[in-house]
Amino acid sequence: MELTITQPDDWHLHLRDGELLQAVIPDSAKHFGRAIVMPNLKPPITTTAAAVVYRESILKALPADSHFTPLMTLYLTDMTSREEIKVAKKSGVVYGVKLYPAGATTNSQDGVTDLFGSCFPVLQEMVEQNIPLLVHGEVTDPNVDIFDREKVFIETILEPLVQRLPSLKVVMEHITTKDAVSFVNSCKEGFVAATVTPQHLILNRNSLFQGGLQPHNYCLPVLKRDIHRQAIVSAVTSGSKRYFLGTDSAPHEKRKKECPCGCAGIYNSPVALSIYAKVFEEAGALDKLEAFTSFNGPDFYGLPRNKSKIKLRKSPWKVPESLSFPFGDIVPMFAGETLQWQPFP
């Protein structure tokens with residue numbers, strides 16, 4: 001079996017910087033035409049000037065024959081100004097502003113603490129400039145159970161935000177719960193959408209503990225019960241335009257995953273399209289795969305769809321146990337396992 005689809009884009013990607021960027025960029029560039037690149041570096045990308053510099057470093061790291069286009073984002077802080085949003089829009093390289101609640105995930109310590117106070121004028125300017133807000137949707141209150149952080153964020157932050165700024169375009173990133181599906185479906189189409197990762201479509205929280213603690217299945221937002229996974233699968237395979245591909249591929253060195261306090265993040269760029277194809281096939285929805293991977297994202301962002309095509313072939317292949325680089329190893333998602341679908345340029 002073989003499918004030919006419009007080349008997909010990745011609407012949520014971590015490329016890191018330095019040696020790690022050099023190591024992982026070929027995997028994304030091989031499969032995707034464009035990617036929304038997350039800004040949570042050290043230090044974070046809080047200005048357009050920093051985004052331009054980071055973009056240049058990504059372009060320099062690309063393979064020589066690559067046509068991959070990085071779409072840059074800014075890291076929202078309590079100090080972000082309306083003027084910076086205007087500069088970002090004029091730059092032509094910034095396509096979103098990322099909301100990290102302070103302390104929610106990797107390198108989020110500089111994130112937002114006062115969304116409805118100091119940040120609200122910035123959000124109003126984003127409406128004026130038609131720049132989407134990209135949301136890591138979790139509260140960070142230690143009294144909230146980690147498996148409820150997304151649900152509580154929707155109830156206490158996201159619903160009030162959409163009510164107060166109904167014209168703000170919002171992407172709820174890497175959704176993990178049936179609550180998020182219900183929220184996205186309840187909003188006005190074209191203004192609120194969601195990215196969905198391979199891991200949250202195919203794994204549940206049992207995957208963290210089967211056969212012992214599995215650090216390479218640990219990500220944030222954390223994997224949830226299977227009823228949530230099933231709700232997300234139903235949403236993305238329904239043909240709804242509200243959902244699109246966002247891998248949240250987040251590489252870490254093996255030694256930083258397999259340690260007393262392991263980092264959150266799954267490196268899935270090498271296997272993402274194989275997993276999406278598997279999920280859609282099992283749902284009997286392969287005819288809806290192309291819209292999810294290649295149409296819904298650019299349509300929401302107001303960008304043209306890609307012209308190039310790729311093939312997905314039913315051709316079993318084994319995922320490497322690890323990927324070795326001069327600085328260390330990276331363990332990809334489904335390391336050592338055999339997948340049935342394989343993408344070809």
Side-chain angles (χ1 to χ4, degrees), residues 8-12 36 96 98-99 101 115 123 126-127 130 132-139 144 147-205 220-248 275-276 279-303 305:
D9 299 305
D10 186 345
W11 298 96
H12 186 115
I36 287 281
K98 183 66 184 286
L99 165 60
L115 184 67
L123 301 178
M126 289 169 61
V127 174
N130 194 30
L133 179 69
L134 317 181
V135 177
H136 182 109
E138 293 188 289
V139 295
V144 176
F147 293 102
D148 296 330
R149 283 166 44 159
E150 184 172 277
K151 179 177 184 291
V152 173
F153 183 90
I154 293 168
E155 294 169 348
T156 61
I157 304 295
L158 213 46
E159 286 179 347
L161 176 62
V162 170
Q163 289 169 3
R164 290 183 65 179
L165 288 176
S167 297
L168 178 67
K169 297 191 79 167
V170 176
V171 181
M172 191 174 183
E173 302 288 356
H174 43 50
I175 61 168
T176 68
T177 60
K178 63 181 182 179
D179 308 279
V181 169
S182 296
F183 171 73
V184 171
N185 288 345
S186 74
C187 294
K188 185 177 179 182
E189 187 174 289
F191 286 91
V192 177
T195 57
V196 182
T197 75
Q199 55 265 29
H200 293 112
L201 284 173
I202 205 165
L203 303 178
N204 60 39
R205 66 186 190 177
L220 288 174
V222 71
L223 300 170
K224 304 298 195 300
R225 290 180 181 271
D226 205 59
I227 56 171
H228 297 293
R229 184 193 67 81
Q230 292 175 27
I232 298 169
V233 170
S234 295
V236 302
T237 59
S238 69
S240 171
K241 297 179 180 179
R242 303 170 190 266
Y243 303 93
F244 39 88
L245 185 160
T247 64
D248 193 22
I275 295 171
Y276 286 124
V279 169
F280 276 74
E281 181 186 29
E282 291 178 350
L286 278 175
D287 60 317
K288 297 179 176 67
L289 177 65
E290 185 178 31
F292 172 76
T293 62
S294 312
F295 298 161
N296 298 347
D299 291 355
F300 181 86
Y301 276 88
L303 296 171
R305 297 172 178 180

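These numbers come from the heavy atoms of this one structure, side chains and all, not from hydrogens, waters or symmetry mates.
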* Indicate whether the side chain of D10 and that of T247 have a donor and an acceptor atom separated by less than 3.5 Å. => yes
* To do: Please answer whether the main-chain N or O of R242 pairs with a side-chain N or O of N296 as donor and acceptor at a distance below 3.5 Å.
  => no
* Could you give the distance from CD1 (I227) to CZ (R229), rounded to the nearest 0.5 Å? -> 11.5 Å
* Asked: Aromatic rings W11 and F244: how do their planes relate, parallel, tilted or perpendicular, breaks at 30° and 60°?
  -> perpendicular
* salt_bridge(R305, D9) N-O dist < 4.0 Å -> no
* Distance (rounded to the nearest 0.5 Å) between K224 NZ and I175 CD1 -> 10.5 Å
* Any donor-acceptor pair under 3.5 Å linking the side chain of S238 with the backbone of A235? -> yes
* **Pairwise side-chain contact, V171 with I36, heavy-atom cut-off 4.5 Å (strictly under)** => no
* Asked: So how far is it from L223 CG to H200 NE2, rounded to the nearest 0.5 Å?
  -> 5.0 Å
* To do: Please find out if less than 6.0 Å separates the ring center of H136 from that of H174.
  => yes
* Can you name the closest pair of heavy atoms from I275 and P198 and give their distance? -> CG2-CB, 3.9 Å
* To do: Go through the steps to decide whether F292 and V196 satisfy the test side chain to side chain contact (heavy atoms under 4.5 Å, CB included), and finish with yes or no.
  => CA-CA 10 Å; F292 172 76; V196 182; 4.2 Å; yes
* **Distance under 6.0 Å and angle within 45° of ring axis: R205 vs F147** => yes
* Check each of D287, T293, L289 against F280 using the side chain to side chain contact (heavy atoms under 4.5 Å, CB included) test, and report the only one that passes. => L289
* Asked: Is the number of heavy atoms from other residues, nucleotides or ligands under 6.0 Å of K288 NZ greater than 12?
  -> yes
* Asked: In Å, rounded to the nearest 0.5 Å, how long is the span from CG of D248 to OG1 of T195?
  -> 7.5 Å
* Measuring from L165:CG to F191:CZ, what's the distance to the nearest 0.5 Å? -> 11.5 Å
* Asked: Given side chains that start at C-beta, do those of V181 and I232 come closer than 4.5 Å, heavy atoms only?
  -> yes
* **Pairs flagged by side chain to side chain donor-acceptor pair (under 3.5 Å) wherever residues 179-188 is involved - sequence neighbours left out** => N185-Y243
* For residues F183 and V192, determine if any side-chain heavy atom of one lies less than 4.5 Å from a side-chain heavy atom of the other. => yes
* If you round to the nearest 0.5 Å, how far is CG of L134 from CG of L99? -> 9.0 Å
* Asked: Within 45° of the ring axis of F300 and under 6.0 Å from its six-membered ring centre, is that where the NZ or CZ of K169 lies?
  -> yes
Return a table of donor-acceptor pairs under 3.5 angstrom between the side chains of residues 149-160 and protein atoms on other chains or two or more places apart.
from	atom 1	to	atom 2	distance (Å)
R149	NE	V139	O	3.1
R149	NH2	A104	O	3.2
E150	OE1	T176	N	3.2
E150	OE1	T176	OG1	3.0
E150	OE2	T176	N	3.1
E150	OE2	T176	OG1	3.2
E150	OE2	T177	N	3.0
E150	OE2	T177	OG1	2.5
K151	NZ	E155	OE2	2.8
T156	OG1	V152	O	2.7

